[in-house]
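Written below as structure tokens is the structure these notes are about.
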Amino acid sequence: MCKRKLLFLMLLPPLFLTGCWDKKDPEDRTFIVALGIDQGEEGCKFTFAPADIEKGEAKTYTADSRTLAGAVAQVDTRISRKTDLGQLKTIILSQDILEERTLLDALLQELERSQTVSEKVMLLATEDSASDCVDAVMAEDGKTGLFLWDFYKNTAREVAVTKGMDLDTFLTEQAEQGGNAVFPKISVKEEKLELGGGIAVSREQAYPLSDEEERGYLFLLGEAEGALLEAEYQGETIPLEIGKSDVEYDFAVQEGDLLCRVSLPLEGSLQGGEGTILSAEKQEEIEALFADRIKEEIEHTIKIAERAETDLFGILPRLYQREPALAKGISREALWQSLVFEIQPQLELKDMGRKR
């Protein structure tokens with residue numbers, strides 16, 4: 001009897017070392033790298049884009065379902081490999097999905113609960129068809145479909161025309177800002193991708209922001225490094241690149257209104273030019289010229305948010321943090337009724353250009 005028990009104990013460990021019996025090898029799985037979500041007949045139309053490292057062929061397939069899990073189950077009945085979302089890098093949402101807030105919330109909750117989709121998956125939005133955007137993504141990079149992922153990881157912060165947004169960041173921002181947030185925008189023009197601008201969402205609506213409006217939004221976040229602006233000075237068009245961007249918020253009561261004073265310490269450099277040393281007077285004129293341009297862009301973006309009554313900039317959370325006494329009794333709905341902005345860009349030129 002003792003020998004039998006000993007033999008059983010010796011054979012038992014290898015059983016645990018074999019792993020899960022139902023685990024599939026990589027060659028038995030289809031790894032999805034991009035996912036588009038449009039409105040469909042059954043609630044949502046999901047467009048799946050798998051990586052194909054061997055052939056590099058852009059191939060996508062779709063399924064209609066109320067849930068992502070339901071769409072995956074449909075797809076698995078049509079292909080020979082198990083659909084795997086563990087490598088999903090990008091999700092593109094159409095504007096009509098963003099406008100259906102109940103449907104959007106259900107999707108986000110499912111993604112948040114998912115054991116396979118990473119919380120760092122990149123979220124984008126489009127005024128076009130999300131399916132068309134996914135097709136264009138795979139046309140750019142049919143092997144891995146990582147074009148967008150690489151752009152937002154390596155380039156977006158340097159050009160300041162759009163802001164990356166992953167699932168975790170979006171869920172955090174919308175919780176802090178009462179459901180308000182801005183998705184980076186993607187478009188398809190003549191079958192080519194265009195990145196820039198954004199789509200703002202609130203509990204009631206979704207609306208697009210142009211490149212300039214998105215740039216005003218980035219200035220208000222203190223994240224406008226790399227932004228390129230142009231202005232006319234003495235008959236010439238002068239380009240300026242923002243090298244350092246910061247923002248400071250202060251609040252006070254002024255004549256019965258809630259004053260939000262926004263200070264923007266900025267550093268910039270002129271691009272091109274003759275590289276001549278400007279006089280102190282000319283340098284101040286150029287700094288003032290671009291400061292006015294930046295102020296106009298920011299005020300334009302603020303007006304859009306005011307009309308939509310959406311707190312895109314996190315004003316109320318900032319107010320609660322800095323001046324809790326002033327924040328008492330102010331609801332999100334009543335915020336815009338008494339809020340007045342004072343925008344104060346403080347631009348310093350650090351480089352006057354290079355002579356070529």
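A salt bridge links K350 with E348: at least one charged nitrogen is closer than 4.0 Å to a carboxylate oxygen. The pair R215-D211 fails the salt-bridge criterion, with no side-chain N (NZ, NE, NH1 or NH2) lying under 4.0 Å from an Asp/Glu carboxylate O. Classification of K185 and D128 as a salt-bridged pair fails, no side-chain N sitting under 4.0 Å from a carboxylate O. A salt bridge links R293 to E297: at least one charged side-chain nitrogen sits closer than 4.0 Å to a carboxylate oxygen. Salt bridge E342/R261: present, at least one basic N to carboxylate O contact under 4.0 Å.
Listed for the D132 side chain is no donor-acceptor partner under 3.5 Å among the backbone atoms of S129. No donor-acceptor pair closer than 3.5 Å links the side chain of E267 to the backbone N or O of L347. Side chain of Q271 to main chain of S269: a donor-acceptor pair is present (N/O by atom type, distance under 3.5 Å, no hydrogens or angles). Between the side chain of Q205 and the backbone N or O of A308 there is at least one donor-acceptor pair closer than 3.5 Å. No donor-acceptor pair under 3.5 Å is formed between the side chain of Q321 and the backbone N or O of R318. A donor-acceptor pair under 3.5 Å is formed between the side chain of D76 and the backbone N or O of T83. Although no hydrogens or angles enter the test, the distance criterion places a donor-acceptor pair under 3.5 Å between the side chain of D64 and the main chain of E41. One N or O on the side chain of S114 and one on the backbone of V117 form a donor-acceptor pair closer than 3.5 Å. No side-chain donor-acceptor contact under 3.5 Å links T47 to the backbone of L35. Formation of a donor-acceptor pair under 3.5 Å by the T310 side chain with backbone atoms of N180 is not found in this model.
Using a 4.5 Å heavy-atom threshold, the side chains of L108 and L167 count as touching. A 4.5 Å side-chain heavy-atom check between I302 and L220 finds at least one atom pair inside the cut-off. Proximity of L111 to L171: side-chain heavy atoms (C-beta onward) are nowhere separated by under 4.5 Å. Side-chain contact between I330 and L258 is present, with heavy atoms from C-beta onward closer than 4.5 Å. Looking at I343 and P345, their side chains come closer than 4.5 Å, going by heavy atoms from C-beta outward. T90 places none of its side-chain heavy atoms less than 4.5 Å from the side chain of L123. Side-chain contact check for P239 versus L270: every heavy-atom pair is 4.5 Å or farther apart. No side-chain heavy atom of Q344 sits less than 4.5 Å from a side-chain heavy atom of V262.
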side-chain contact (heavy atoms from CB on, under 4.5 Å) between D166 and V121, intermediate numbers included: CA-CA 5 Å; D166 60 40; V121 63; over 6 Å; no

Stepwise side-chain contact (heavy atoms from CB on, under 4.5 Å) check, F219 with L264: CA-CA 8 Å; F219 272 117; L264 297 118; 4.1 Å; yes

Audit row: I315, F251, side-chain contact (heavy atoms from CB on, under 4.5 Å) steps and yes/no: CA-CA 10 Å; I315 299 300; F251 300 91; 3.9 Å; yes

Step-by-step side-chain contact (heavy atoms from CB on, under 4.5 Å) determination, I304 to Y207: CA-CA 10 Å; I304 292 174; Y207 53 93; 3.5 Å; yes

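By the 30° and 60° cut-offs, the orientation of the rings of F313 relative to W336 is perpendicular.
Shortest non-hydrogen contact noted between A206 and V201 is CB-CG1, 4.0 Å. Considering all non-hydrogen atoms of both residues, I97 and G43 come closest at CD1-O, 4.5 Å. Of all non-hydrogen atoms in D38 and S94, the two that sit nearest each other are OD1-CB, 3.2 Å. Between R203 and G179, the shortest heavy-atom distance links the atoms CD-CA, 3.8 Å. Of all heavy-atom pairs between E225 and K244, the closest is CG-CA, 4.0 Å. Residues I92 and C133 approach most closely at CD1-CB, 3.8 Å, considering heavy atoms.
Within a 6.0 Å radius of CD in Q234, more than 12 heavy atoms belonging to other residues, nucleotides or ligands are found.
V253 and L259 are not part of a single hydrophobic cluster, where members link through side-chain heavy atoms under 4.5 Å apart. Linking Ile, Leu, Val, Met, Phe, Trp and Tyr residues whenever their side-chain heavy atoms come within less than 4.5 Å leaves V340 and Y249 in two separate clusters.
Rounded to the nearest 0.5 Å, atoms CD (E248) and CD (Q346) are 7.5 Å apart. How far OH of Y320 is from NZ of K328: 10.0 Å, rounded to the nearest 0.5 Å. Separation of atoms OG1 (T62) and CD1 (I37) is listed at 13.0 Å; rounding is to 0.5 Å. Taking CG of L98 as the start and CD of E127 as the end, the distance is 10.5 Å to the nearest 0.5 Å. If you take CD on E100 and CG on L107, they are separated by 11.0 Å, rounding to the nearest 0.5 Å. To the nearest 0.5 Å, atom NZ of residue K120 and atom CG of residue D168 are 4.5 Å apart.
Shown are T67, T116, L85; of these, the side chain to side chain contact (heavy atoms under 4.5 Å, CB included) with V72 is made only by L85.
Side chain to side chain, D135 and T60 meet the donor-acceptor criterion of an N or O pair below 3.5 Å. A donor and an acceptor atom, one from each side chain of T237 and E232, are located under 3.5 Å apart. A donor-acceptor contact closer than 3.5 angstrom is absent between the side chains of E212 and H300.
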